[in-house]
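Presented below is the structure to which this report refers.
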Amino acid sequence: MTESAPPRLRFAPSPTGYLHVGGARTALFNWLLARRTGGTCLLRIEDTDKARSTEDSTKAIFDGLKWLGLDWDEEVVFQGANLERHQRDAEALLASGKAYRCFCTPEELDERRKEAAAEKSAFKYDRRCDELAASEVERRVAAGMPCVIRFRVPEGETAWDDLVHDRIAFPNKDIEDFVILRSDGTPIYNHAVVSDDIAMRVTLVMRGDDHISNTPKQILLYQALGAPLPRFAHLPMIHGTDGKKLSKRHGATAVGDYEHMGILPEAMVNFLALLGWSPGGEFEEVMTLDQLVAAFSTDNLLRKASVFDPKKLEWMNGQHLSRVPLAELEPRVTPLLVQAGLATAADLAARRAWYFALLDLLRVRSRLLDDIVRQAGPYFRDEIEYEAEAVAKQWKEPAVVGPLLAATRETLAALGPWEPAAMEESLRALADAKGVGGGKIFQPLRVALTGLGVSPGIFDVMVALGRERTLARIAQAERHLAGMAGGAG
RNA sequence: GGCGGUAUCGUCUAGGGGACUAGGACACAGCCCUCUCAAGGCUGGAACACGGGUUCGAAUCCCGUUACCGCUACCA
């Protein structure tokens with residue numbers, strides 16, 4: 001291969017919905033390869049289907065790519081703006097005799113297709129309009145009869161060396177003379193794609209393998225238009241847990257869904273990158289974007305469709321949650337805390353060091369951003385609620401626990417510096433003195449401080465809460481326990 | 001139906017003729033650590049779709065079968 005110049009790639013979604021994880025993965029691979037090779041990554045919005053394309057969808061694609069951290073080079077190309085060139089290219093094919101006018105109506109075609117189906121034979125356009133005399137064509141055009149432009153598929157075989165599949169070949173006899181320009185003058189997909197890819201000087205087309213059967217048609221168009229062929233790389237599909245194509249019934253399929261679910265973009269990207277690609281050999285699965293760029297290569301692209309496993313995504317998110325620099329995590333969490341009514345952005349900014357330390361405590365036991373918010377309550381609210389389950393388990397005997405908590409409070413109150421080592425030392429000494437294990441002190445204390453049976457290490461909790469609030473919460477718990485003991489008789 | 005593609009633990013994957021008693025990760029189970037929960041560590045169960053070749057030797061190469069997926073529009 002004489003190809004040594006960095007490739008020009010493109011991601012070409014059609015704005016007919018949200019950015020799907022499959023589309024996101026295609027965008028990611030194009031982007032990774034461009035960044036890896038010093039190539040160019042372009043974005044083209046394929047909005048030629050005016051019936052289905054919407055501005056909202058276009059925005060959703062931009063938003064999705066932005067969230068993932070994928071950018072593109074040069075101006076965004078809107079396919080719809082290239083109508084004139086599409087028509088010119090189609091006219092050129094007509095002029096050079098590589099395409100012809102077809103006057104068959106959709107209704108007629110439909111009819112013939114049904115007949116073929118009834119006879120269980122494959123329908124293929126029979127070229128009847130290609131046999132029309134020139135004068136007849138002229139007459140019909142002059143008469144204003146609507147017509148499409150069909151590409152005349154030559155004899156032979158069309159093949160290419162796919163970057164992931166190696167050689168793929170199609171006998172031309174299996175390809176029918178396909179329409180390139182509708183009767184209303186707008187282009188059909190395959191034609192618009194080729195016209196645009198040529199104009200954008202795309203040298204490597206990387207897309208889903210559902211386009212494999214479009215590829216011979218497109219190659220034929222390149223050749224007829226006298227343009228150099230790009231290389232092709234067809235990526236395997238992403239399926240749902242049941243092995244079927246990913247759809248709404250599998251739950252979330254739009255990248256925006258995962259954003260709202262509390263997934264970090266770096267985790268999403270990492271997870272998607274490992275679907276249909278692997279660095280090969282032994283490798284660490286948790287990778288940053290930079291590491292992905294450094295490792296990416298078309299050599300390790302897989303051929304088999306993969307199943308999207310949300311469980312593994314969550315695990316991966318947990319990994320990233322724990323590894324991302326706090327300064328990057330903070331802006332993702334803050335809006336959620338504010339939204340939950342736990343704090344204001346100003347408040348958090350005012351005690352940044354404390355806030356970061358808290359985040360560090362909570363993120364280890366979180367898989368989703370929401371897990372952090374859910375755990376954060378006790379550190380922000382003035383009043384806490386006691387979880388019934390925790391109370392039932394750890395405050396089972398109020399008459400015993402109450403005095404123990406009181407002793408704990410007194411011990412802590414007498415403490416000099418408010419730091420973990422000192423807390424642990426004095427509380428373990430207290431446990432010894434009372435003849436109980438540490439857990440008998442720590443567990444009821446955890447409920448007193450957080451209302452929960454589960455939390456970060458108890459000393460970390462106390463540091464995060466601060467001395468004053470810690471002692472107040474214990475006192476409050478003592479009152480609560482006294483009430484319980486009284487109520488119980 | 002026709003054409004094309006694919007086939008390693010439940011899932012993501014390593015593997016490119018001998019290093020395979022098939023490795024790792026997720027999930028699952030157990031154990032360790034331990035103030036709880038995570039995280040982490042250790043252990044366990046779990047796969048080369050089937051049938052023929054080629055070869056001294058096949059998860060790896062070839063053929064067939066089966067299954068699954070995609071395309072088969074004046075959709076993209």
Side-chain angles (χ1 to χ4, degrees), chain A residues 12-16 46-49 51-53 79 102 104-106 109-110 113 116-117 119-124 146-150 162 165 168-171 173-176 178-184 186-190 192-193 208-216 234 236-237 239 241 243-245 271 274-286 302-309 311-316 318-319 322 362-367 371 375 390 393-394 424 427-428 431 437-447 450 452-459:
Chain A
S14 49
T16 53
E46 309 218 319
D47 53 356
T48 53
D49 184 348
R52 290 195 296 161
S53 300
Q79 189 161 63
C102 172
C104 299
T105 65
L109 259 9
D110 205 45
R113 249 179 226 112
E119 294 168 26
K120 290 196 163 188
S121 60
F123 174 82
K124 194 178 141 192
C147 68
V148 300
I149 296 182
R150 271 183 199 276
D162 197 273
H165 294 274
I168 300 180
F170 285 80
K173 67 172 175 53
D174 292 331
I175 308 169
E176 74 170 351
F178 53 95
V179 174
I180 56 177
L181 209 66
R182 295 186 185 89
S183 52
D184 69 358
T186 59
I188 284 299
Y189 173 72
N190 284 123
V193 164
D209 68 15
D210 49 342
H211 285 288
I212 284 180
S213 42
N214 283 322
T215 305
H234 286 98
M237 301 276 87
H239 289 163
T241 324
K244 302 242 166 69
K245 190 173 178 176
F271 179 73
L274 262 14
L275 249 31
W277 173 78
S278 113
E282 301 273 304
F283 62 95
E284 170 62 53
E285 293 194 47
V286 183
L302 276 350
R303 291 176 291 273
K304 194 184 72 165
S306 49
V307 172
F308 189 97
D309 179 5
K311 273 279 195 299
K312 186 156 185 177
L313 204 211
E314 286 189 15
W315 165 78
M316 187 153 274
Q319 293 294 316
S322 293
L362 303 185
R363 65 172 172 168
V364 189
R365 37 220 117 210
S366 302
R367 289 204 154 189
D371 294 333
Q375 296 178 79
K393 191 171 180 190
Q394 307 300 347
E424 178 154 19
L427 289 185
R428 286 204 188 275
K440 284 279 186 267
I441 303 242
F442 303 142
Q443 285 299 87
L445 178 57
R446 187 188 316 286
V447 180
T450 66
L452 308 169
V454 165
S455 83
I458 198 68
F459 311 116

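Proteins get letters first, then strands, A, B, ... in listed order; numbering begins at 1 in each. Just so it is clear, the model here is predicted, and its values are computed rather than measured.
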Full working for side chain to side chain contact (heavy atoms under 4.5 Å, CB included) between A:I212 and A:H165: CA-CA 10 Å; A:I212 284 180; A:H165 294 274; 4.0 Å; yes
Anti versus syn assignment for B:rG16, with syn defined as within 90° of 0: syn
C1' atoms of B:rG15 and B:rC48, separation to the nearest Å: 10 Å
Sugar-phosphate only, base, or nothing, as touched by A:F170 at under 4.0 Å among non-hydrogen atoms: sugar-phosphate
Sugar-phosphate, base or nothing in reach of A:P456, heavy atoms under 4.0 Å: base
Sugar-phosphate only, base, or nothing, as touched by A:H165 at under 4.0 Å among non-hydrogen atoms: sugar-phosphate
Span that lies between the C1' atom of B:rA58 and that of B:rG51, in whole angstrom: 15 Å
Complementary nucleotide of B:rA39, counting Watson-Crick and G-U pairs under 3.5 Å: none
B:rG52 to B:rG45 separation - C1' atoms, rounded to the nearest Å: 33 Å
Touch class at under 4.0 angstrom, heavy-atom based, for A:T105 against every strand present: base
Chi angles and distances behind the side chain to side chain donor-acceptor pair (under 3.5 Å) call for A:Q375, A:S455: CA-CA 8 Å; A:Q375 296 178 79; A:S455 83; over 6 Å; no
Touch class at under 4.0 angstrom, heavy-atom based, for A:R446 against every strand present: base
Nucleotide paired to B:rA14 in any strand shown, Watson-Crick or G-U, under 3.5 Å: none
Touch class at under 4.0 angstrom, heavy-atom based, for A:S306 against every strand present: sugar-phosphate
Exercise: do A:T450 and A:R446 side chains pair donor with acceptor under 3.5 Å: no
Sugar-phosphate only, base, or nothing, as touched by A:I441 at under 4.0 Å among non-hydrogen atoms: nothing
Same-atom distance (P) from B:rG10 to B:rU66, integer angstrom: 24 Å
Touch class at under 4.0 angstrom, heavy-atom based, for A:C102 against every strand present: nothing
Pairwise P distance for B:rA73 and B:rA14, with rounding to whole Å: 35 Å
Those residues that, when tested against A:R363, pass side chain to side chain donor-acceptor pair (under 3.5 Å) (two or more places apart): A:D360
Under 3.5 Å donor-acceptor, A:R182 side chain and A:P187 backbone: yes
Sugar-phosphate, base or nothing in reach of A:D110, heavy atoms under 4.0 Å: nothing
Residue matched to B:rU60 through Watson-Crick or wobble contacts both under 3.5 angstrom: none
B:rC20 pairs with, by Watson-Crick or G-U criteria that keep both distances under 3.5 Å: none
Pair assignment for B:rU55, Watson-Crick or G-U wobble, requiring both distances under 3.5 Å: none
Sugar-phosphate, base or nothing in reach of A:V364, heavy atoms under 4.0 Å: base
Derivation of the side chain to side chain contact (heavy atoms under 4.5 Å, CB included) call for A:T215 and A:F170: CA-CA 10 Å; A:T215 305; A:F170 285 80; over 6 Å; no
B:rU6 - base-pair partner by Watson-Crick or wobble geometry, distances under 3.5 Å: B:rA67
Any strand: nucleotide that pairs with B:rC28 via Watson-Crick or wobble, under 3.5 Å: B:rG44
Closest-nucleotide 5' rank along RNA chain B - winner of A:V148 and A:G439: A:G439
Exceeds 12 heavy-atom contacts within 6.0 angstrom, atom NZ of A:K440: no
5' priority, RNA chain B, between A:W277 and A:K173 [closest heavy atom]: A:K173
Sugar-phosphate only, base, or nothing, as touched by A:E285 at under 4.0 Å among non-hydrogen atoms: base
Worked check of side chain to side chain contact (heavy atoms under 4.5 Å, CB included) between A:W315 and A:V286: CA-CA 10 Å; A:W315 165 78; A:V286 183; 3.9 Å; yes
Separation between the P atoms of B:rC69 and B:rU8, rounded to whole Å: 15 Å
Pairwise C1' distance, B:rC62 and B:rC3 [rounded to whole Å]: 22 Å
Where A:I175 and A:P216 come nearest, the two heavy atoms and their spacing: CD1-CB, 3.7 Å
Sugar-phosphate, base or nothing in reach of A:S455, heavy atoms under 4.0 Å: base
Sugar-phosphate only, base, or nothing, as touched by A:Q319 at under 4.0 Å among non-hydrogen atoms: sugar-phosphate
Range on RNA chain B touched by chain A - first to last nucleotide, heavy-atom distance under 4.0 Å: B:rG1 to B:rA76
Flag if over 12 foreign heavy atoms under 6.0 Å of CD, A:E284: yes
Sugar-phosphate only, base, or nothing, as touched by A:I458 at under 4.0 Å among non-hydrogen atoms: base
C1' spacing across the pair B:rA19 / B:rU60, given as an integer number of angstrom: 14 Å
